[in-house]
Amino acid sequence: MERKKVVVAMSGGVDSSLTAALLKERGFDVIGITMRLADESRDSCDSDRSCCSLSSVEDARRVAAVIDIPHYVINFKDMFKKYVIDYFLADYAAGRTPNPCIACNRYVKFEGLLKKAMEFGAEYVATGHYARIDRDDTGRYRLRKGLDGKKDQSYALYYLNQFSLSHFLMPLGDYTKEETRKLAEQCNLPVAHKPDSQEICFVPHDDYRAYLRAYNPACLHPGDIVDQQGMVLGQHEGIPFYTIGQRKGLGLAMSAPLYVTDLDMVHNRVVVGSGEDVFAKELVASDLNWIAIDSLEKPIDVMAKIRYGKREAPATVHRHGERCVRVLFREAQRAITPGQSIVFYQGDSVLGGGIIERAERKTHL
C-alpha cells in the first residue's frame, strides 16, 4: 500500500519538529520544508528565537536528519513581502493594528505552501499548530480548538476554508505543550527544550517602532494628542506608534490615567480618554470567512474573540450590508482595535471570523 505523502512546515521549533516525527511514526511519507521568509539581514536577533532565523533553518535540518526525512529550504520571500511585510507597513500607516501571523497563515502557509506541496505530489500539508480538524455528521470539515486551552491557536486559523481544511493535518491539537516536549524527548529531537518564538519573525528585537522608522518613515507625522472634547493635551510622534487601549508612552502628566481611545487619521490626532472610554459593545467587521456555514443568513449567537490573548465573550452577529457584519456584545469589551481579527466560536468549533473595521462607541469629537 502506497504511503500518503505529506509536507511538514518545519520552522526549527519543537512543535513542527514533533509534527514531522509523529506523522512519520503514523506511516506517512514525510517531506520537511523550511520556508525562507525574510532577508537574512532582518531575521537575526540576539535571542535567535525567530521562527525564520538562520539557526532555525539549521535546527530544522538537524531534526530532519534525526528522523530520517528529506528536508528542503524553499524561498517564499517575495510572497511573504507582498502579503505580510507590505500589509504590516500599510496597516500601521492607515492607523490600524495589523496581525502579521494571521496574514502569513492565510496567504503563505495555507495557500503558497499548499500549492508548493502539491507540486511535490503531496496530498497534505502539516503544521505544528495547536488546533484540530475533523468532519461533522454531514461531512463538512470543522476547525476546532486545541485541547490545550493555554496553547489553542484556532484564532489564527479562521481563514481556512473547506478545500484547505481537507488538505491540512495538525496532530498537536490533541496534546498539551508539556506532552509535546515529553514526546519530543522520547523521539530524541534536539529541539525538545528549545524556547518558543515570542517575536514577529521579520522584526528584529520585536521593535516594531524601529522597523517602521527604517522601512516606512513617511507614515510618521507628529501631531496632537487630544481629549474627548478635542482639547490639545500634548504631542504624538506619529499615529502608527499608538494603539487602542494604550496607556504607557503617551508622555502626558495628568492627575488621572489616560488611554488611547481613537486614532483620528483625518486630523492626525491621537484621542485619549478615561478607562471607561476604551470600552464598546458593538463593532463592524469585514473581509469575512465562514467555516461552519456557507454564509450568514440571519443573526446568530456566538462566543467572540477580538484578539489572540483575549477571552471569548457572548455576542450576536448580524449581517451589515453585503460584505460586513455588526457584532453586538452582551457586555462592553475593552480596546476593540481596527485591523485585528474577530473570531466566532460555537462550542469548541470556529464558526468563522473577519477583520475589525471599527468599534461603535460614543464620542464627543
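Starting from 1, each residue takes its place in the sequence as its number.
Atom CZ of Arg26 is surrounded by more than 12 heavy atoms from other residues, nucleotides or ligands within 6.0 Å. Counting heavy-atom neighbours within 6.0 Å of Glu119 CD, excluding the residue itself, gives a total above 12. For Arg140, the CZ atom counts as densely surrounded, since its 6.0 Å shell holds more than 12 non-hydrogen atoms of other residues, nucleotides or ligands. Annotation for Asp78: atom CG does not count as buried by contact number, only 12 or fewer foreign heavy atoms lying within 6.0 Å. Heavy-atom contacts from other residues, nucleotides or ligands closer than 6.0 Å to OH of Tyr259 number more than 12.
Taken from OH in Tyr159 to CH2 in Trp290, the straight-line distance is 11.5 Å, to the nearest 0.5 Å. The OG1 atom of Thr337 sits 4.0 Å away from the CZ atom of Arg307 when rounded to the nearest 0.5 Å.
Heavy atoms only, all atoms of each residue included: Cys201 and Phe80 are closest at SG-CZ, 3.7 Å. Residues Ala64 and His71 come closest through the heavy atom pair CB-CB, 3.5 Å. Contact record, Ala280 with Ile336: O-CD1, 3.7 Å, taken as the closest heavy-atom pair. Across every non-hydrogen atom of Thr19 and Pro171, the tightest pair is CG2-CG, 3.7 Å. Minimum heavy-atom separation, Ala304 to Ile342: CB-CD1, 4.0 Å. Closest heavy-atom contact between Ile200 and Asp206: N-OD1, 3.3 Å.
The cationic group of Arg36 does not satisfy the cation-pi geometry with Tyr72, failing either the under 6.0 Å distance to the six-membered ring centre or the 45° limit from the ring axis. Remark: Lys305 qualifies as a cation-pi partner of Tyr308 under the 6.0 Å distance and 45° angle criteria applied to the six-membered ring.
Aromatic ring centroids of Tyr211 and Phe202 lie under 6.0 Å apart.
In this structure, Val14 and Ser17 have side chains that are not in contact, with every pair of non-hydrogen atoms separated by 4.5 Å or more. Considering only heavy atoms from C-beta on, Tyr92 comes within 4.5 Å of Thr97 through its side chain. Using a 4.5 Å heavy-atom threshold, the side chains of Leu18 and Tyr175 count as separate.
Of the possible polar contacts, one joining the Asn105 side chain to the Ala156 backbone as a donor-acceptor pair under 3.5 Å is found. At distances below 3.5 Å, at least one donor-acceptor pair connects side-chain atoms of Gln162 with backbone N or O atoms of Tyr141. Judged by distance alone, the side chain of Asp224 and the main-chain N or O of Val232 form no donor-acceptor pair under 3.5 Å.
Comment: Asp91 engages Arg96 in a salt bridge, judged by a side-chain N to carboxylate O separation of less than 4.0 angstrom.
Among the candidates Asp174, Asp15, Asp148, Asp152, the single residue satisfying the side chain to side chain donor-acceptor pair (under 3.5 Å) test with Tyr130 is Asp15.
Residues Ser274 and Asp277 have side chains that bring a donor and an acceptor to within less than 3.5 angstrom of each other.
Between Tyr107 and Tyr83, the two ring planes are parallel [angle under 30°; tilted spans 30° to 60°].
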(Q) Show, in sequence, the C-alpha distance, side-chain angles and deciding distance for Glu58 and Arg61, and conclude whether the salt bridge (Lys or Arg N to Asp or Glu O under 4.0 Å) test is met. (A) CA-CA 5 Å; Glu58 292 306 314; Arg61 284 180 176 148; 2.6 Å; yes
Q: Could you go through the salt bridge (Lys or Arg N to Asp or Glu O under 4.0 Å) check for Arg181 and Asp196 one step at a time?
A: CA-CA 11 Å; Arg181 292 201 182 276; Asp196 292 338; 3.3 Å; yes
Q: Please lay out, stage by stage, how Glu178 and Lys150 fare under the test salt bridge (Lys or Arg N to Asp or Glu O under 4.0 Å).
A: CA-CA 11 Å; Glu178 182 179 352; Lys150 295 179 180 179; over 6 Å; no
Q: Decide salt bridge (Lys or Arg N to Asp or Glu O under 4.0 Å) for Arg358 and Glu282; before the verdict, give the C-alpha distance in whole Å, the side-chain angles of both, and the deciding distance to 0.1 Å.
A: CA-CA 9 Å; Arg358 64 182 182 273; Glu282 299 182 24; over 6 Å; no
